[in-house]
Amino acid sequence: MTTFDANGITLERVREYVWEIPQEGDMRVPARVLASEALLEEIKEDKTLEQIKNTTHLPGITNHAICMPDGHQGYGFPVGGVGALDAENGCISPGAVGYDINCGVRMMKTNLAYDDLRGHEEELVDSLFANIPSGLGGGGVVEAGVDTVDEILARGVDWALENGYAVKDDLLHCEDEGMREGAAPEKISQKAKDRGKNQIGSLGSGNHFLEVQRVTDVFDDEVGEAFGLEEDQIVVLIHCGSRGLGHQTCNDYLRKIEQQHQGLLNQLPDKELAAAPAGSQLAEDYYGAMNAAINFAWVNRQLIMHRTRTVFERVFDRSWEAMEMDLLYDVAHNIAKKETHTVGDGEERELYVHRKGATRAFPAGHPDVPKAYRDVGQPIIIPGSMGAGSYVLRGGANSMDLTFGSTAHGAGRLMSRTQAKNEYWGGDVQQELEEQEQIYVKAQSGATVAEEAPGVYKDVDEVVRVSDELGIGDKVARTFPVCNIKG
DNA sequence: ATGTTC
């Protein structure tokens, strides 16, 4: 048997790109890592493998804990991790969702070609930067009272539709139609709502960005046509989450769980995996609060998209409808969701599927794929670094069997933010991107540009290649950056 | 990710 020795943890090769950490000690199931050897060499350098192994101690974990090809170390649970925990006898874990609840990506199409944009890059990037709130702290497209926040938490993008920030078609091209059932605004703390109320429609900081891109390749003509993508087309990618509201909610529930479920906590190898037992009041409360924060993040991305349409209207002097600025799709990559999956010998079970830095990747025919895409599979959006561009995939035929219907979410970091700032200077990174790649970057903070320099990320081509080879998410199209704004 | 060290 082929093995891979990762600083004391031995992985056994199941087949190409599938590695297993065998069950031992208190592990309830084996852990699996889906990666090439080149990616494993990078993954082994931080605590990712130890963390995915720790995850197998969670009660109710089903089949395997799974690390995606872009996996890296996170809070307790790796970013790029999937954990399916029994919704009746298992648990739910905020650390396995992530601090930024419903961090995700949406792609908006246009009918503009790259040539239509050339010469307007600086005007466009300046106008986007001036009109789309970004960076740490407050300031959003909408400044709302707490009652408005409650409505957004309960209704998601449906609130945006009613208030003129969305059209019906936007809802039809979003996971869960932009409204998660079971949202419980009353389970979100006042403090979280206060943090969120002036951040509705704001990018935030860190790896969040808005990027205008051009489609450079369409690998699958049939699916490309179903998605409405063609070479040279301009698209807009928006990557952000639930800002301070989600962060505060994660923190609130971690503290409550630590206090009320000490027994379960003591069984776990890492306090950061703190989980509420399925069926407990706190599990219900967290699930309701998380669903509400999910709705908040969807409205956040919707308002940014709405404002982007307005900016394009000014710069190109045409209506957004004339530019066909339609939503391709919106994916969440930090969530947990109750889903029914077939496990073991054909038994159907309800599971809390935790996808942290992992994207849902439902295949053709799945009833939860929007009608527009049901024949070809769910669109999956995988952002690369600001120098690399991104991919659009579609849910692969093997995703339900291998990953509870999931794939990767991005390139995955190679080094910490602190290390990145030692290696790069923001201004130099910007200059190089502009001079060598004609990519126009504008940011609130040079430090953020350094933290997000292309060199701090894994090779997104390799991550996507593994997803495609495994048949969990198949390559449809590739994009390359034109201009990028960030916090 | 984050009112960037509860």
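If you're wondering where the values come from, they're calculated on a predicted model, not measured in any experiment. Quick note on labels: first sequence line is chain A, next is B, and so on, each numbered from 1.
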The test is side chain to side chain contact (heavy atoms under 4.5 Å, CB included); show your working for Arg155(A) and Asn295(A) and say whether it passes. CA-CA 7 Å; Arg155(A) 293 170 56 202; Asn295(A) 287 337; over 6 Å; no
Which part of the nucleic acid, if any, lies within contact of Glu451(A), taking any heavy atom under 4.0 Å across all strands shown: a base, the sugar-phosphate backbone alone, or nothing? nothing
Spacing between Lys191(A) atom NZ and dT2(B) atom P, to the nearest angstrom: 16 Å
For a quick check of understanding: with a heavy-atom distance under 4.0 Å over all strands, which category does Ser205(A) fall into, base, sugar-phosphate or nothing? sugar-phosphate
Which pairs with one or both residues in residues 288-301 of chain A pass salt bridge (Lys or Arg N to Asp or Glu O under 4.0 Å), sequence neighbours excluded? Arg301(A)-Asp330(A)
Sequence neighbours excluded - ring pair (Phe, Tyr, Trp, His ring centres under 6.0 Å) pairs with any residue from residues 257-284 of chain A: none
Side-chain atoms of residues 76-86 of chain A: list all donor-acceptor pairs with protein atoms under 3.5 Å, sequence neighbours left out, distances to 0.1 Å.
| residue | atom | partner | partner atom | Å |
| --- | --- | --- | --- | --- |
| Asp86(A) | OD1 | Glu88(A) | N | 2.7 |
| Asp86(A) | OD1 | Asn89(A) | N | 2.8 |
| Asp86(A) | OD2 | Arg349(A) | NH1 | 2.9 |

Residues within residues 409-429 of chain A bordering DNA chain B, heavy-atom distance below 4.0 Å: Arg417(A)
Which donor-acceptor pairs under 3.5 Å do the side chains of residues 280-290 of chain A make with protein atoms, sequence neighbours left out?
| residue | atom | partner | partner atom | Å |
| --- | --- | --- | --- | --- |
| Ser280(A) | OG | Pro277(A) | O | 2.7 |
| Ser280(A) | OG | Ala283(A) | N | 3.1 |
| Gln281(A) | NE2 | Asp285(A) | OD1 | 2.8 |
| Tyr287(A) | OH | Lys338(A) | N | 2.9 |

For Lys271(A), what residues pass the salt bridge (Lys or Arg N to Asp or Glu O under 4.0 Å) criterion, not counting sequence neighbours? Glu258(A)
Mind checking what makes ring-ring contact (aromatic ring centres under 6.0 Å, His included) contact with His57(A), not counting sequence neighbours? none
What residue pairs, at least two apart or across chains, pass salt bridge (Lys or Arg N to Asp or Glu O under 4.0 Å) with a residue in residues 440-451 of chain A? Asp126(A)-Lys442(A), Arg417(A)-Glu451(A), Lys421(A)-Glu451(A)
Exercise answer: donor-acceptor pairs, residues 64-75 of chain A side-chain atoms, under 3.5 Å, sequence neighbours excluded:
| residue | atom | partner | partner atom | Å |
| --- | --- | --- | --- | --- |
| His64(A) | NE2 | Arg32(A) | NE | 3.3 |
| Asp70(A) | OD2 | His409(A) | N | 2.9 |
| Asp70(A) | OD2 | His409(A) | ND1 | 2.6 |
| Asp70(A) | OD2 | Gly410(A) | N | 3.0 |
| Gln73(A) | OE1 | Lys47(A) | N | 3.1 |

For DNA chain B, determine which residues of residues 244-261 of chain A have any heavy atom closer than 4.0 angstrom to one of its atoms, and list them numerically. Gly244(A), His247(A)
Under the salt bridge (Lys or Arg N to Asp or Glu O under 4.0 Å) test, residues paired with Lys337(A) that sit two or more places apart: Asp176(A)
Show, in sequence, the C-alpha distance, side-chain angles and deciding distance for Leu203(A) and Ile132(A), and conclude whether the side chain to side chain contact (heavy atoms under 4.5 Å, CB included) test is met. CA-CA 8 Å; Leu203(A) 278 175; Ile132(A) 292 167; 4.1 Å; yes
Would you classify Gly206(A) as touching base, sugar-phosphate or nothing, given that sugar-phosphate means primed atoms plus P, OP1 and OP2, and contacts are heavy atoms under 4.0 Å? sugar-phosphate
Distance in angstrom units between Tyr75(A) OH and dT4(B) C1', rounded: 17 Å
Counting only heavy atoms and a strict 4.0 angstrom limit, can you tell me which residues of residues 289-296 of chain A come near DNA chain B? none
Round to a whole Å and report the spacing from CG of Leu203(A) to P of dT2(B). 10 Å
For Glu452(A) and dT4(B), what is the distance between atoms CD and C1' respectively, to the nearest whole Å? 13 Å
Mind calculating the distance between CG (Asp100(A)) and P (dT2(B)) to the nearest angstrom? 6 Å
